[in-house]
Amino acid sequence: MEAEGRVPGSPPPPPLPPSPGGGGGAGADPPAGAPEAVRGPLLAATEVLALDDEEDDLEVFSKDTSLAEVNSFSPSIPISPSSMINQYKYEDEPELKDLFITVDDPESHITAIETFITYRVVTKTSRGEFDSSEYEVRRRYQDFLWLKSKLEEAHPTLIIPPLPEKFIMKGMVERFSDEFIETRRNALHKFLNRIADHPTLTFNEDFKIFLTAQAWELSSHKKQGPGLLNRMGQTVRAVASSVRGGLKNRPEPFTEMNNYMLTFSQKINVLDKIAHRIYKEEREYFNEMKEYGPIHTLWSASEDDIADSLKGVASCIEKCCKATEKRMAGLTENLLPILHEYVLYSEMLMGVLKRRDQIQGELDSKVDALASKKTEKDLFSEEIGKLEDKVECANNALKADWDRWKQNMQCDMRSAFTNVAENNLRYYKECLAIWESFLASQRVDLHVEEDSEDRP
Amino acid sequence: MEDCLAKKMEITVSEAEKRTGRNAVNMQETYTAYLIETRAVESQSEGQCAPVDSLWRRYSEFELLRNYLSVTYPHIVVPPLPEKRADFVWHKLSADNMDPDFVERRRIGLENFLLRVASHPVLCQDKIFYSFLTQEGGWKEVVNETGFQLKADSRLKALNATFRVKNPDKRFTELKHYSDELQSVISHLLRVRARVADRLYGVYKVHGNYGRVFSEWSAIEKEMGDGLQSAGHHMDVYAASIDDILEEEEHYADQLKEYLFYAEALRAVCRKHELMQYDLEMAAQDLTSKKQQCEELATGTVRTFSLKGMTSKLFGQETPEQREAKIKVLEEQIQEGEEQLKSKNLESRDFVKSAWADIERFKEQKNHDLKEALISYAVMQISMCKKGIQVWTNAKECFSKM
């Protein structure tokens, strides 16, 4: 836990003030601090958490390195459901954020076998479990895929943030075009930050390794783990149990969620299409306007009296063109990525709901089996007990994460569409000013002409 | 300056009606008839409203009137008619002549044509024009009786003159170039404007989809529902607003089209000048050659090679009496020719003078009208921006409440 391998050149950290009211409350009260190298006396932080003896979850969130290799949350560890609820009351408070990640600097790598792009991932943190306060690593898309699948494995009923797709099928963007790379970079940046903001996922061990390990370290770590066979086994079990219908015993809230997601998924897909279509129309409009303006300049060359007016109109159209460009940029930078993210989210959420059903299905099938085998009751009831716990954990995890997701969704949509409105307002206000100033200049001319005519 | 007809009489083309009838080859046809209403302008003191006279005319009659005016007043830049067929259309506009929007814009164009003629200092006094406005039946016969079709210059003759004229007035040559440029640039502008209108239409209309989807989405949301629903309504308003905006812009396009067609009228005046000038040059050339012939016969010298000269050298000269007779004929022709040349010269100079006066009048009108049109375009853009600001301000408020 001592500061080893710190990034050279970083200043020594100021001492960390102890968090107030550390006696009670939810498990995760992260230490307040600035983004740059704030490590401080971690003992104080540990004390804060250690005071909560009744909270079993502290095992998970303690700074005890003996648990460092274990995933922060796995369904196989028996944990009381009530403690889980407390965990998920964690609010996203930006002032208390202690993990800052950026994804930038895409670089092309060419080998004999393939060409691929790596992105620079910079992490700045004040957390104790990180050996250093700043990390810089290079990751490729495959690595992100790996991280996502590990998170899904570890938390089957949590809402994992979506990753940008492997390639865009629409055919309008080439695989390695600048536009494609930038869109992907932005999405990857969002992906990591959403994980960092998630109360549970942020402490996931694979996540930490992803952020901090050197390339060779990551490769060797990837090779460990349950492996393909295990994953296949899980899938087989999952399919088997889903056949037994986790649906018939599905609690009401999850049916509601399912119904909601069916409609939401539909609507968000249509919105995505609409937004893309608007962008396309705006671009075509921009192209035509670019041709429209210069014609007026051309015309002014054969005129005397009205040459100035014509040139004025040409200039106005040109300026409005620039304003249109800004409006288009606003769409690609903001609305389009967010809508797309939620399209992916909706797919992922349907998957999460299915997985919950599968877990329930496992329990249900065992219960059914028990009903027919009255002799081995004791053995079964222990197994069933475990499965019941598993189901309850999964349900609670999902419920809490669902609420959080919905809040975030509302927030994201509100800000995205408000941004669209602001963009359009700015566009129209700019154009208004442009044409009004032209009009003013013309009216002045008219008055001048009238005056000169009146004079004898 | 005599008062134009426009000041004495109110003229409107107030209605358009679809009619069916039988044409010249007894086939059934559908056409549109336009109602022309006229009313004498009473002086203020009388305070009474004069009765309205009205009659129906179809587009072909307007064409006949304009042809008559062009032939009868070749030195005048005759106002053009609105287009016969819908041109420069974009996808929402119909190219169909029977389309009500097209008919409506044509009605306005025809009214504009009549007002332009009625306010022209020369044209407004024309009797045929007056009877076009007032005489219901038999007008066509009256026009044809003027025999104006015979006065019309053949296209071929005009083309020939354009190529062969040696010394046209430089101002007309410049004017011809100007009218070519004007026609080319306005056509280009109208074409691109139509495409811009098409795209703008697309941008606005796609936003209408937001309205529908927001409404459907709001049904599954508890907190976001209201904001979504009301924002959707504003998106519908936004999408609908483009229809009025673009309709207004069509009127602007029509104003430009008028001057596109005016370019043709300008060229017609230039052509007439070239024709007259060519005629003059031919007459002068003819006179010169006759004078030369006369001189050669009188002095017996052959200055220029001529077949006659050769044959007379080969086959002997004519008798003095024959020569005398020829000289006499030539002298008569020369005198006639000189008088003709004098009058042609006068005609030509009068034409140039009066044509140029009208061209100056036209230039002033054009500069005034086009400047007004550009200003009105700016006003339209401003109105469109203000509407946009209003809608998006409302939408923003709804979104922020989501």
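Computed from a predicted structure; not experimentally measured. Order of the sequence lines sets the chain letters (A, B, ...), proteins ahead of strands, with each chain counted from 1.
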Mind ranking A/Leu298, A/Asn424, A/Ile268, A/Ile306 by heavy-atom pairs under 4.5 Å with chain B and telling me who comes out on top?
A/Asn424
Given heavy-atom pairs under 4.5 angstrom as the criterion, report whether the side chain, backbone, both or neither of A/Lys280 touches chain B.
neither
Quick check for you: among A/Asn259, A/Val270, A/Leu271, A/Asn287, which has the greatest number of heavy-atom pairs under 4.5 Å with chain B?
A/Leu271
Is the gap between the ring centers of B/Phe362 and B/Trp356 under 6.0 Å?
no
Scored by heavy-atom pairs under 4.5 Å with chain A, the best of B/Val213, B/Leu228, B/Leu370, B/Val379 is B/Val213
Going through the distances and angles, do B/Arg271 and B/Glu264 end up as a salt bridge (Lys or Arg N to Asp or Glu O under 4.0 Å)?
CA-CA 10 Å; B/Arg271 267 201 303 269; B/Glu264 179 55 43; 3.3 Å; yes
Examine whether an atom of A/Met409 lies under 4.5 Å from a heavy atom of chain B, and if so say whether it belongs to the side chain, the backbone or both; otherwise answer neither.
side chain
Determine which residues belonging to residues 214-227 of chain B lie within contact range of chain A, meaning some heavy atom pair is under 4.5 Å apart, and list them by number or answer 'none'.
B/Phe214, B/Glu216, B/Trp217, B/Ile220, B/Glu221, B/Glu223, B/Met224
Would you please go through residues 317-329 of chain A and name the residues with a non-hydrogen atom below 4.5 Å from one of chain B, in numerical order?
A/Arg327
Applying a strict 4.5 Å limit to non-hydrogen atoms, the region of A/Phe438 in contact with chain B is side chain
Are B/His207 and B/Tyr204, when compared by the centres of their aromatic rings, separated by less than 6.0 Å?
no
Main chain of B/Ala239, side chain of B/Lys205: is a donor-acceptor contact present, judged purely on distance under 3.5 Å?
yes
Region of A/Ile434 in contact with chain B, defined by heavy-atom distances below 4.5 Å:
neither
In terms of the angle between their ring planes, are B/Tyr377 and A/Tyr292 parallel, tilted or perpendicular, with boundaries placed at 30° and 60°?
perpendicular
Tell me whether A/Lys406 forms a cation-pi arrangement with A/Tyr260, defined as NZ or CZ under 6.0 Å from the six-membered ring centre and within 45 degrees of its axis.
yes
Taking only Lys NZ, Arg NE, NH1 and NH2, and the carboxylate oxygens of Asp or Glu, determine whether B/Arg267 and B/Asp180 approach each other closer than 4.0 Å.
yes
Which atoms of A/Ala301 are under 4.5 Å from chain B, going by heavy atoms: the side chain, the backbone, both sets, or neither?
neither
Using side-chain heavy atoms (C-beta onward) and a distance below 4.5 Å, is B/Arg191 in contact with B/Ser187?
yes
Does B/His233 reach the main-chain N or O of B/Gln229 with its side chain, forming a donor-acceptor pair under 3.5 Å?
no
Donor-acceptor side-chain pairing of B/Tyr262 and B/Gln183 below 3.5 angstrom:
no
Please confirm whether B/Trp392 and B/Tyr238 have ring centers closer than 6.0 angstrom.
yes
A/Tyr279: what forms a side chain to side chain donor-acceptor pair (under 3.5 Å) with it, not counting sequence neighbours?
none
Please answer whether the main-chain N or O of B/Lys366 pairs with a side-chain N or O of B/Asp369 as donor and acceptor at a distance below 3.5 Å.
no
Hey, does B/Tyr259 have a side-chain heavy atom less than 4.5 Å from the side chain of B/Gln255?
no
With chain B, the option among A/Glu291, A/Glu288, A/Glu430 that has the most non-hydrogen atom pairs under 4.5 Å is A/Glu288
With chain B, the option among A/Ile295, A/Asn419, A/Asp304 that has the most non-hydrogen atom pairs under 4.5 Å is A/Ile295
Enclosure of A/Lys290 NZ (heavy-atom neighbours >12, cutoff 6.0 Å):
no
Given A/Thr418, A/Thr263, A/Val313, A/Asn423, the one with more heavy-atom pairs under 4.5 angstrom with chain B than any other is A/Thr418
Tell me yes or no: between the side chains of A/Glu347 and A/Ser265, is some donor less than 3.5 Å from an acceptor?
no
What residues of residues 393-402 of chain B make heavy-atom contacts with chain A at a cutoff under 4.5 angstrom?
B/Thr393, B/Lys396, B/Phe399, B/Ser400, B/Met402
Check for me whether the distance between the ring centres of A/Trp405 and A/Phe264 falls short of 6.0 Å.
yes
N/O donor-acceptor pair under 3.5 Å between B/Asp358 side chain and B/Val77 backbone:
yes
Tell me, for A/Ile274 versus chain B, whether the close heavy atoms (under 4.5 Å) come from the side chain, the backbone, both or neither.
both
Considering residues, nucleotides and ligands other than A/Lys354, do more than 12 of their heavy atoms fall under 6.0 Å from its NZ?
no
Tell me, out of A/Arg277, A/Arg426, A/Glu284, who's got the most heavy-atom pairs with chain B below 4.5 Å.
A/Glu284
